[in-house]
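Quick note on labels: first sequence line is chain A, next is B, and so on, each numbered from 1.
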Amino acid sequence: MSFWEYANPRRFMALSAKIQPWVWAAATVLCATGLIWGFFFTPEDFRMGNSVKIIYIHVPSAFIAINAWFMMLVASLIWLIRRHHVSALAARAAAPIGLIMTIVALLTGAIWGKPMWGTYWEWDPRLTSFLILGLFYLGYSALWSAIEEPDAAADLTSILCLVGTVFAVLSRYAAQFWSQGLHQGASLSLDAEENVADVFWQPLVISLAGFVALFLALVLMRTRTEIRRRRLSTLTARDRLA
Amino acid sequence: MTLTITDLACRRGQITVLRGVSLSVAAGEALVLRGPNGAGKTTLLRTLAGLTPPIAGTVDPDICAYAAHADGLKGQLTVAENLTFWASIFGTADIAPAVAAFDLAPLLHRRAADLSAGQKRRTSLARLPLTGRKVWLLDEPTVSLDAANVALFGRAVAAHLGTGGSAILATHIDLGLPDVRTLDILQFAARHAAPVTDDPFAEALE
Amino acid sequence: MIALLARDLRLAIRAGGGFGLGLAFFLILATLVPLGVGPDATLLRPIGPGILWLGALLACLLSLDRIFALDLEDGSLDLLATAPIPLEGVATIKALTHWITTGLPLTVAAPALSLLLFLPTSALPWLVVSLLIGTPALSWLGTFGAALTVGLKRGSLLLSLLVLPLYIPTLVFGAEVVRRGGDGLSVATPLALLAAITLGCVAVLPFATAAALRINLR
């Protein structure tokens, strides 16, 4: 039995109904462990004090924000090449989650940035690229909801996703280039891995895994919703015709 | 046969409108599509023209010239400019025969925006011979034409058929063509055909 | 294809506003910015390149929704799609027409407007060069966006939302060329990147545009 069998909506609904509770359970356990461990059972950083603990939300949400787009890219390619409806709907389902994660990453970053850098916002390349990523999510979702015919919407948003990926990556390098061009040598770095010691690292990995599970659970749930909505539109369209 | 179509399935939006469409037109023959509004005449013609990809079956849009409801004229350009444009797109050198056939000579240097609806329609139809294609696909070609112009158009189609061309028309008006067959497309309506699931969302999901 | 280019250019001239509208918008923007931020040369000089590039970007955006919408309304897009020329060619010609009617006039007018923003004379050649190289990318990207939204009601607002993020790299590198040129620094890197984006757009986007058009016509 091939993996592609699950591209059939009915099989996907059956399978996802079964695995959904487990993914939710994994997300809850991992998020709770990672966050509680991170918040209450790690020492304070000698430089950053208590505020460092926001990385347990900030880093995972940023990770999901970027990778949700790549998931959408893969799903769009599968739709364009193999015409599996579930794939297109999964891409649609992932977009708002990616947008929310981008906003969470930006907000937690701002909250963290205030005590650390003395400012909520800095046109640092990383921050700028996240803002731009948010714009791409907005455009993608807006196009989905603007087009009435579902197959055409799936096709057009997939094409936008492909072109958008290229330009999102380009924008990231443009932001790097431009920021260095403005202020010589950006003194602010958000690179978490560099200055995180082992005590912080372990709970971070767990909450990262928790966020991945949370993302999967949300995508499953929203894809199921999209599939039902699509079925509804097929039925009403058939009804109108009959 | 100039054009033979077998077992074609057409869609409008996400709905399968026609299924199992089989038709053929020979050189010099005209095929009139009959059926009430919404039966899928326009859908079929758009599919034959290659605009809407068929769900099943194959079409040959490269031998077809399509004339839609819309005139496809640019109001700011003169009749001559409009026709010359389409002639050069389709690689036809001379617009004079088409102008003569549709009696457009007095209008040639008038802006298309200043024409009456019927004159626009005639200009739009004059594009057909310029395409140099065998099969004309005509969707309600006589809309806003008066009796004299319907006769004029009928003669133009007859001339096309006389030179070995063919035509597929969706029309309710008798054009006075010599060799006409009619095809009732209601027989292909998807809801009368056996239910085939080509939309995976049509079956129960849970 | 030449016939299509000639027809669209003729339409742009006859319809009025084809050439002038974007240009007028560009002029108004260059006038309003000093009115908004104050006439101080030390303030205007550093933001000049950015403002001019931003103006070019927005002026391009103004006429995007007309690229395919007019042809769709009167039915000629259907006819073009069934014509023996490839739809990719149609997309290229449409983008080229858009560039000739907006990008090119903007490039020509930019030096005059740069005086309003106290741009140093050393930056002028680079302003012209960067606009000449960068604005085609704006037209080709805009044509792609127009093809995505062609059948939609109130598509023009959505079009801006889709196209503006795609304009970011061009804006960044274009303004950087002018800024560096004005400061007497080397412009090689941003200019090369700007040219690379434009060439990439011209080479690849017509295929995406044609695909989007086919989907919207069916």
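Only the backbone of B/Asp71 has a heavy atom closer than 4.5 Å to any heavy atom of chain C. Using a 4.5 Å cut-off between heavy atoms, C/Leu77 makes no contact with chain B at all. Contact annotation for C/Ile2: neither backbone nor side-chain heavy atoms come within less than 4.5 Å of a heavy atom of chain B. Looking at B/Leu51, the atoms closer than 4.5 Å to chain C (heavy atoms on both sides) sit in the backbone and in the side chain alike.
With respect to chain C, the highest number of heavy-atom pairs below 4.5 Å among B/Gln76, B/Arg11, B/His69 belongs to B/Gln76. By number of non-hydrogen pairs under 4.5 angstrom with chain B, the leading residue of C/Asp78, C/Leu79, C/Asp71, C/Ile215 is C/Leu79. Counting heavy-atom pairs closer than 4.5 Å to chain B, the top residue among C/Ala81, C/Ala83, C/Ala6 is C/Ala83.
The number of heavy-atom neighbours closer than 6.0 Å to NZ of B/Lys134, taken from other residues, nucleotides and ligands shown, is 12 or below. Atom CG of B/Leu108 has more than 12 neighbouring heavy atoms from other residues, nucleotides or ligands inside a 6.0 Å radius.
A parallel orientation is assigned to the rings of B/His160 and B/Trp136, their planes being inclined by less than 30° (bins at 30° and 60°).
Side-chain N/O atoms of C/Trp99 and C/Thr135 include a donor and acceptor closer than 3.5 Å. A donor and an acceptor atom, one from each side chain of B/Trp86 and B/Thr92, are nowhere located under 3.5 Å apart.
Listed for the B/Asn82 side chain is a donor-acceptor partner under 3.5 Å among the backbone atoms of B/Thr78.
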